[in-house]
Amino acid sequence: MSDREAAAACKAWPFQEAQRVLQRIGGKCPEKGYVLFETGYGPSGLPHIGTFAEVVRTTMVRHAFATLSDVPTRLFAFSDDMDGLRKVPDNVPNQSMLSEYLGKPLTAIPDPFETHESFGHHNNARLCAFLDSFGFDYTFQSATECYKSGRFDPVLRKVLEHYDAILNAVLPILGKERQATYSPFLPISPKTGHVLQTPVIARDVSAGTITFEDEDGTKTELPVTAGHCKLQWRVDWAMRWTALGVDYEMSGKDLIDSVRIGNQICRILGGTPPEGFTYELFLDENGEKISKSKGNGLSVEEWLRYAPPESLKLFMYQSPRKAKRLYFDVIPRNVDDYLSFLAKYEEQSADERLANPVWHIHEGSPPRETLHMTYSILLNLASACHAEESSVIWGYLSRYAPTASPETEPILDALAQHAVHYYQDFIKPTKRYRAPNDVERAALEDLAQALEALPTNLDAEGIQTEVYEVGKRHPFPELKAWFKALYEILLGQSQGPRMGSFIVLYGRAETVALIRRALAGALLGKEDVS
RNA sequence: GAGCCCGUAGCUCAGUUGGCAGAGCAUCUGACUUUUAAUCAGAGGGUCGAAGGUUCGAAUCCUUCCGGGCUCACCA
C-alpha cells in the first residue's frame, strides 16, 4: 500500500478532515491555485492557548491533506485588525491615551507600546512572533489591508445587493434589542473615525453606497467598499470565506450557530462555505470554561516552562472534540505520552505510523529518540538531587548511559531543563531546613571527613555502608533518627533517597560541601519563611 | 428553548477500522543492611451509567432513557 492509500484509509482525525477537503475540491486544484486553510485572530488581545490550539490543529489537517494530494495549500492567519476598540485592555501601558481612541479601528490607534505603526500592528506582530516561535508555516493577512486595498470590494457589493436576505439570515439568532439596531454594515464615521453600529437608512446598490446617521446626526452616504465600511463579524466571516475562497476553517463549539448562519450567508453571496470542524472548549480543573479574563486554566507560557512544545501539541492533537481539562497536572502525563508515542513510532509499520500522534506533531518526520527516560523519572531525579541546573541531572544520566550527552540527546536535555524548573517552582519552596543539634553536628563532621577519606571508586552500596557506620559511631537513639536528620538538615525534607545512591548522584565532593554549608548554617537561609 | 460533550478500577483518564477490559496515581505485599511516600518486583480492584436492538461476538455500531457538564440567545 502506498503512503497515499494508507493515508486515505487512516482513521486519525486529521486525515478524516483532509479527506473532506479533498472531496470538497473534487480532487482538482481550485481556481485560485491552492487549497486555503484559515485561522482567525482577534487582535484586541494577545495570542493565547486557544490561538495555539487552532493553528496546530489546522496545520495537522493541512499536512495530512498534503499527504493525500499534490494540490498546493496555504494557511492564512487572518487578523481582524479593523475591529473597533471596545475596551482599554488593562495589561498595556498608556491607558489614558488609549481611552481617547475607543471605538476606532485597531489599526487607527497609536501603539501604546510605541514600537509599531498602530496598536493593531503591534498585536499583529505579537501574533506572528508567537506563531514563528513554534515554526508554523502560515501567511499573515490583515483585515484592514484587505478592506482598504479593495480585495473585498466585489463581495462587499454583493452583501449590499443581498442585504435583505443576509439580514434575514442573521436576525433569528439575535436578541430582540439587538435586532432593532442591527446592520451588517458598520460604517466608519468620516468625522470621528469610529466604527459605527448604526442602522442603515438607505442603500444604493448600483452606486455601492449606504446612508446612515453619523454621530453628530448628519445623514451621511458612504461607499461600502475600499475600507469605508466594515462588516459586522458574522457577515464579515462569511464575506471573507467567499472573497478569499476559504476551504477549511475550524472553530469552537460556542460558534456553532454562527457557523451555520455564516454558511447561509456565504451561499447567498455565491460562495461555497468552507469545510468546518467544531472543536470542544477547554475546561479548568473544576470543569469550568477557560477564559482569559478569569485567568483560570493554563497559559502557553506556563506549559512551556515545564514541558516541551511537542507535549502541548500532543494535548491539542488528542480528542479535539472532547471537552478536556487543561491544568497543570496534565502536563507530565502528556510529556510521557509523547515520549512513548515517539518510542513506539520506531517499531511501527508505515501505515501504523500515520495514526501515531507524533507523525502529526512533527509533520511526518518525528525525531529519533535513543535514550528513553520518562519525564516522571526526571522529575523525581530533579527533586532527589536538588537539581538547580540540568547538569546535575546529566551527571546521573551519563552514568546511566555513558555515551549520552546534551548534544546527542536534545530531547532528553530539554526535558532535564524542564524538570529543573519543576523542581525550582514546586519542590524547592516546600523545603524546610533545620539546624543540627550537637550530636548531629558531630556526626555530620565525622561523615564529611569519612567521605573525603573513602576510596574514590567506591560504589553507592559502599558509601551507604559508610554512612551507616558513621551513624553507629554516634549516640543516636536508633539509626532511623540519623537518616532522618540527614534528610532534614541537608535536604530540607523529612524523607529522601537512599543516601548512598544520592551521594553518588550528587557527587562526593559536592556532598561534603553541602554538609559543610549545613554546618555553617548556610542552608537555613533557604528556609521558606511563609 | 436549541446544540455539543461526557458517564470505563478509589482518583484522572486510554481503549484507532466490533475480537479475552488497560495505563498512571492511590491501596496492599515483598525486596533493597534508614523512612508510610528514592528505586525495583508483585498483588488486589471494574455487571464499561441503564434498557433494548444489529452481530457468531458490542466498552466500541443503532434507538430510547437516566445522570453530570458546557455552549449559544450582549461582544467578537
Side-chain angles (χ1 to χ4, degrees), chain A residues 9-13 15-16 40-45 80 83-87 106 143 170-179 181-182 186 195 197 230-234 236-237 251-261 278-291 293 318-325 327 329-330 332-334 336-337 340-341 351-352 354-357 374-377 379-385 396 460-461 464-465 467-469 471-472 476 478-488 491 493-502 504-506:
Chain A
C10 185
K11 295 289 181 204
W13 70 265
F15 282 115
Q16 304 271 302
Y41 168 65
S44 44
D80 190 15
D83 197 25
L85 179 68
R86 260 170 213 86
K87 177 180 112 191
L106 290 158
V170 181
L171 287 182
I173 67 163
L174 297 179
K176 273 180 200 147
E177 231 169 276
R178 195 70 189 81
Q179 283 185 9
T181 58
Y182 187 81
L186 308 175
V195 181
Q197 197 163 288
K230 190 188 163 4
L231 291 180
Q232 191 273 346
W233 79 277
R234 272 178 263 255
D236 193 51
W237 207 11
S251 52
K253 79 160 182 190
D254 51 334
L255 263 41
I256 288 175
D257 278 340
S258 298
V259 169
R260 212 186 67 239
I261 303 300
T278 303
Y279 54 83
E280 261 283 359
L281 273 21
F282 296 126
L283 309 175
D284 67 7
E285 63 250 79
N286 301 318
E288 288 180 23
K289 182 193 174 185
I290 283 184
S291 76
S293 51
Q318 302 274 47
S319 311
R321 303 198 114 119
K322 220 158 127 175
K324 294 191 296 179
R325 295 186 193 185
Y327 60 107
D329 301 23
V330 306
R333 182 196 169 127
N334 276 276
D336 283 342
D337 283 355
S340 66
F341 280 125
D351 31 319
E352 283 172 336
L354 295 176
N356 187 324
T374 68
Y375 190 53
S376 39
I377 286 180
L379 292 180
N380 282 329
L381 207 53
S383 59
C385 68
Y396 172 79
E461 187 97 355
Q464 175 75 15
T465 306
V467 175
Y468 221 79
E469 289 306 318
K472 284 182 187 167
F476 288 101
E478 48 178 347
L479 278 175
K480 206 166 156 179
W482 163 230
F483 284 99
K484 195 155 190 270
L486 284 172
Y487 298 135
E488 290 175 352
L491 305 183
Q493 51 200 34
S494 62
Q495 62 279 321
R498 293 174 70 74
M499 286 311 293
S501 27
F502 170 76
V504 168
L505 174 59
Y506 193 65

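In what follows, every chain begins at residue 1, and chains take the letters A, B, ... in the order their sequences are listed.
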Closest of B/A23, B/C72, B/U16 to the A/K11 side chain is B/U16

With the side chain defined as heavy atoms from C-beta on, A/K322 is closest, among B/C4, B/C13, B/A76, to B/C13

**Study point:** Phosphate OP1/OP2 of B/C6: any A/K253 side-chain N/O under 4.0 Å
**Key:** no

Taking a pair to mean Watson-Crick or G-U wobble geometry with both distances below 3.5 Å, B/A2 pairs with B/U71

Problem - Side-chain N or O of A/R86 closer than 4.0 Å to phosphate OP1/OP2 of B/A76 - result: yes

- Taking OP1 and OP2 of B/A76, is either one under 4.0 Å from a side-chain nitrogen or oxygen of A/Q232? yes

Answer for the Watson-Crick or wobble partner of B/U33, both distances under 3.5 Å, is none

Per nearest nucleotide of RNA chain B, the residue lying toward the 5' end, A/K324 or A/L186, is A/K324

C1' gap between B/C11 and B/U27, integer Å: 12 Å

Scanning all shown strands, the Watson-Crick or wobble mate of B/G42 with both distances under 3.5 Å is B/C28

Comparing nearest nucleotides in RNA chain B, the 5'-proximal residue of the pair A/T278, A/S319 is A/T278

In Watson-Crick or G-U wobble terms, with both distances under 3.5 Å, the base opposite B/C20 is none

Notebook entry, point to check: Does a side-chain N-to-carboxylate-O contact under 4.0 Å join A/R260 and A/D257?
Noted result: yes

Paired to B/A59 by Watson-Crick or G-U wobble criteria (both distances under 3.5 Å) is none

